[in-house]
Amino acid sequence: GTRGRGGAGTRAVHAGERAGRPVVADSLTTPLVQTATYHFRDTAEVIAYQEGRHPSFEYGRYGNPTTKVAEQKIAALEGAEDCLVSASGMCSATTMLLALVPQGGHVITTTDCYRRTRQFIQTVMPKMGVTATVIDPGDLGALEAALQEHQTALFFSESPTNPYLRCVDVPEVARLCHAHGAVVCIDSTFSTPVNQQALALGADLVLHSGTKFLAGHNDVICGALAAGGERGLAALAEVRKLHWVLGGVIDPHAAYLLLRGLKTLELRVQRHNESALRIARRLEAHPKVACVHYPGLESHPDHAIARAQMSGFGGVVSFEVVGDLWAGSRVVDGVEIPYIAPSLGGPESLIEQPTVVSYWDQTPEARAAVGIKDNLVRFSVGLENYDDIEADLLQALDKV
Ligand code: PLP
């Protein structure tokens, strides 16, 4: 053994580790393998690894056993054949975009989307000569025209979108895009694999801010990109190669938290779905609410699409309070259960006005250009008991 051998420095580094390492193979939970690198017994083993005969990971940027289990679980949930987890949803999105759109290439995206994704497409991608067409999520005519006009590498849209919960007709989008050779990537963050199987609907890639429902506890930042089919797998292989260069690797501890959160995904999403649909209906009937944006409501512009491709409508409800910015903020400030915070998909209900939290630095004209209304409130319905959520929101609306 190494006990007591060498100086204090040598012992601090090696004692207990080489021979006395705990055997964890029978651990019920997947162990958190908190390592940056992997070792080999001898040169023959290194060469065997290089030639694919010795399965290992080489170095933490190229993979980790805990992360791999999380990837396999997400792939299984999405009906995917491969998955790549990364340090954040934005890391997954930016790496995907950089890997799949060539210099001078074209990308088609939709009007309503997470602000930073739009920012990347409109301010960073142009540095590589990349152009973009931005279409209304429901405008398939505009999609077809853009596909005809531009050699398009990628279609990328959320479904449902943030914050208006617009839905794209994934089978129809995929049919049109594939006829023109474009890869289809759907950001399924708002739907989760429990409510929507984007790959089965025809997408090649499905992206997640794992930070939200997948990890599900408001305690970790992570992203995931899953792939199915020949086109999807080839695309993900390209993304993985660039990921190894760009280096947005998830920390093993974050991967462990993601894995733990995933275990209760179905149960949590069922509760989110139920409470969100009930509160959406309740809000729609309220005189202080001008409009409710939730794909489960018959009034939603994409309700028919949502019904056809989703089995539940998710835990986010956006609504417009009658009045201005300050009418909305009276609701945000009046509730007692939700925290005022960005993000969504965790146990705690979160409430925010997109204008205040995500777009405060922009002029009213710039906000109008991307459709963000001042009286809009985004509500991530948490796992609290429904009756408490409803009573709290109603008393806050009374203050308007
Ligand atoms: N996609 C959607 C739909 C989001 O709402 C977000 C984050 O808010 C992201 C992607 C980015 O994910 P992350 O915050 O994990 O980087």
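Keep in mind that this is a model prediction, so the values were computed, not measured. Counting starts at 1 for both ligands and their atoms, in listed order. All heavy atoms count here, side chains included; hydrogens, waters and symmetry mates do not.
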Subject >> Salt bridge flag under 4.0 Å for residues E172 and R175 >> reply: yes

Original post:
Linking Ile, Leu, Val, Met, Phe, Trp and Tyr by side-chain heavy atoms under 4.5 Å, what else ends up with V206?
Top reply: L199

**OP:** Please determine if R271 and E274 form a salt bridge, counting it only when a charged side-chain N lies under 4.0 Å from a carboxylate O.
**Re:** no

Original post:
Name the residues with a heavy atom less than 4.0 Å from ligand 1?
Top reply: S88, G89, M90, Y114, E158, N162, D187, T189, F190, S209, T211, K212, C222

Subject >> Partner set under side chain to side chain donor-acceptor pair (under 3.5 Å) for E284, not counting sequence neighbours >> reply: S299

Subject >> Distance-only polar pair, side chains of E320 and H293, donor-acceptor under 3.5 Å >> reply: yes

Just distance, no hydrogens or angles: give the donor-acceptor pairs under 3.5 Å from side chains in residues 307-315, sequence neighbours left out.
from: Q309; atom 1: OE1; to: V170; atom 2: N; distance (Å): 3.1
from: Q309; atom 1: NE2; to: V168; atom 2: O; distance (Å): 2.6
from: S311; atom 1: OG; to: V194; atom 2: O; distance (Å): 3.2

